[in-house]
Amino acid sequence: MALKRSQITLSDDEMQAFFDEERVVTIATIGPNGRPHLMPLWYVVDKGLIAGWTFGKSQKVRNLERVPQATLQIEAGRDRYQELRGVMLECDVEILRDQADVEAIGLALARRYAGLPAGADVSAEARAGCSSRRPSAWELRFTPTRVVSWDHRKLGGGY
């Protein structure tokens, strides 16, 4: 039996659950030498889009200032082929420097990675950490132009 992509594609709800479950996205930008530059990034889903923050002087920001496009990949189940699942998103990228936006994403990241619900109060230490990084941290907002997903668990062990 030939594998059909439609058999392993994630639904929108499955994709959202996957984004909520996983913790790191790999972002690929185009480096100054024309080669892909891959880096991990913590993320949140904000207003339906993946968003993160990084330092404004980072290589990925420099790359995105030149070419505001990236490919993102979130994956899981690397130990066994039958458990592979993931999402690849080709995206246009917006770099937001507005300090209120940057702080909001920083606090959302602090909540997510501390296991707190959206909108929950964060510790004074986490709030201070977001404030201290704010002048040099910028938000990255990724708008997908193409999405490919896969979940080999849907095959029930067969190929």
Side-chain angles (χ1 to χ4, degrees), residues 3-31 34-56 58-97 101-120 122 126 129-130 133 137-159:
L3 171 68
K4 294 182 182 175
R5 170 131 312 272
S6 62
Q7 290 176 271
I8 61 172
T9 299
L10 295 169
S11 69
D12 288 344
D13 288 342
E14 290 169 328
M15 202 174 316
Q16 183 60 54
F18 183 67
F19 291 157
D20 291 344
E21 179 183 322
E22 294 304 314
R23 315 245 324 145
V24 177
V25 61
T26 300
I27 171 175
T29 59
I30 301 300
R35 293 181 182 268
H37 177 258
L38 297 154
M39 293 302 297
L41 184 70
W42 281 4
Y43 68 92
V44 294
V45 177
D46 181 56
K47 300 173 188 159
L49 300 176
I50 290 180
W53 77 340
T54 191
F55 292 102
S58 69
Q59 185 63 55
K60 64 184 154 293
V61 166
R62 289 179 179 161
N63 295 344
L64 291 168
E65 288 174 328
R66 255 191 340 278
V67 181
Q69 299 171 330
T71 299
L72 307 180
Q73 183 165 298
I74 302 170
E75 61 180 332
R78 294 176 211 94
D79 294 335
R80 295 182 44 188
Y81 185 81
Q82 301 91 319
E83 296 174 2
L84 284 174
R85 57 195 169 115
V87 180
M88 189 248 348
L89 306 105
E90 293 177 355
C91 300
D92 291 332
V93 185
E94 183 179 8
I95 301 170
L96 301 172
R97 296 168 178 91
D101 290 335
V102 172
E103 183 171 8
I105 289 300
L107 291 172
L109 287 163
R111 285 183 195 96
R112 179 169 194 235
Y113 290 89
L116 300 172
V122 298
C130 287
R133 288 186 186 101
W138 295 348
E139 178 184 351
L140 302 176
R141 188 169 295 270
F142 302 92
T143 302
T145 58
R146 180 174 176 246
V147 177
V148 177
S149 65
W150 58 94
D151 185 348
H152 290 200
R153 300 173 308 169
K154 291 182 173 190
L155 298 173
Y159 306 102

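These values consider heavy atoms only, across backbone and side chains, with no hydrogens, waters or symmetry-generated copies. Numbering of residues begins at 1 and proceeds along the displayed sequence.
- Remark: the Q16 side chain and the D20 side chain contain an N/O donor-acceptor pair separated by less than 3.5 Å.
- Two residues are said to be in side-chain contact when any heavy atoms from C-beta on lie closer than 4.5 Å; Q69 and T145 fail this criterion.
- Looking at heavy atoms from C-beta onward, I105 lies in side-chain contact with V44 at the 4.5 angstrom threshold.
- Panel note: side chain R66, backbone I30; a donor-acceptor pair is recorded below 3.5 Å.
- For R35, the CZ atom is loosely surrounded, since the number of other residues' heavy atoms within 6.0 Å does not exceed 12.
- Within the 4.5 Å cutoff, the side chain of F142 has no heavy atoms near those of the L89 side chain.
- Between the CH2 atom in W138 and the CG atom in L96 there is a gap of 11.0 Å [rounded to 0.5 Å].
- Annotation: side chain of E65 is in contact with side chain of I95 (closest heavy-atom distance under 4.5 Å).
- Annotation: the span from L64 atom CG to H37 atom NE2 amounts to 10.0 Å, rounded to 0.5 Å.
- When all heavy atoms of P40 and V24 are compared, the closest pair comes out as CB-CG1, 3.7 Å.
- Side-chain atoms of Q73 and M88, non-hydrogen and from C-beta on, do get closer than 4.5 Å to each other.
- Under the 4.5 Å side-chain criterion, counting only non-hydrogen atoms from C-beta, R141 is in contact with D46.
- From Q7, atom CD reaches atom CG of L155 across 6.0 Å, with rounding to the nearest 0.5 Å.
- Here the CD1-CE distance, from I27 to M39, works out to 9.5 Å after rounding to the nearest 0.5 Å.
- By the 4.5 Å heavy-atom criterion applied to side chains, E22 and V87 are not counted as neighbours.
- Between the side chain of R112 and the backbone N or O of Y43 there is at least one donor-acceptor pair closer than 3.5 Å.
- In this structure, I74 CD1 and I50 CD1 are separated by 4.0 Å, a value rounded to the nearest 0.5 Å.
- For L84 against G77, the heavy-atom pair with the smallest separation is CD2-O, 3.5 Å.
- Checking side-chain atoms of H152 against main-chain N and O of Y81 turns up a donor-acceptor pair under 3.5 Å.
- You'll find the side chain of S58 stays beyond 4.5 Å of the side chain of N63, heavy atoms only.
- When every heavy atom of L41 is checked against every heavy atom of W53, the shortest pair comes out as CD1-O, 3.5 Å.
- When all heavy atoms are compared, the tightest approach of C91 to L72 is SG-CD1, 4.0 Å.
- Aromatic ring orientation, W42 versus Y113: parallel (interplanar angle below 30°, classes split at 30° and 60°).
- Atom CZ of F18 and atom CG of D151 lie 8.0 Å apart (nearest 0.5 Å).
- Considering all non-hydrogen atoms of both residues, L116 and A120 come closest at CB-CB, 4.1 Å.
- The minimum heavy-atom distance between L10 and K154, with the atom names listed, is CA-NZ, 3.9 Å.
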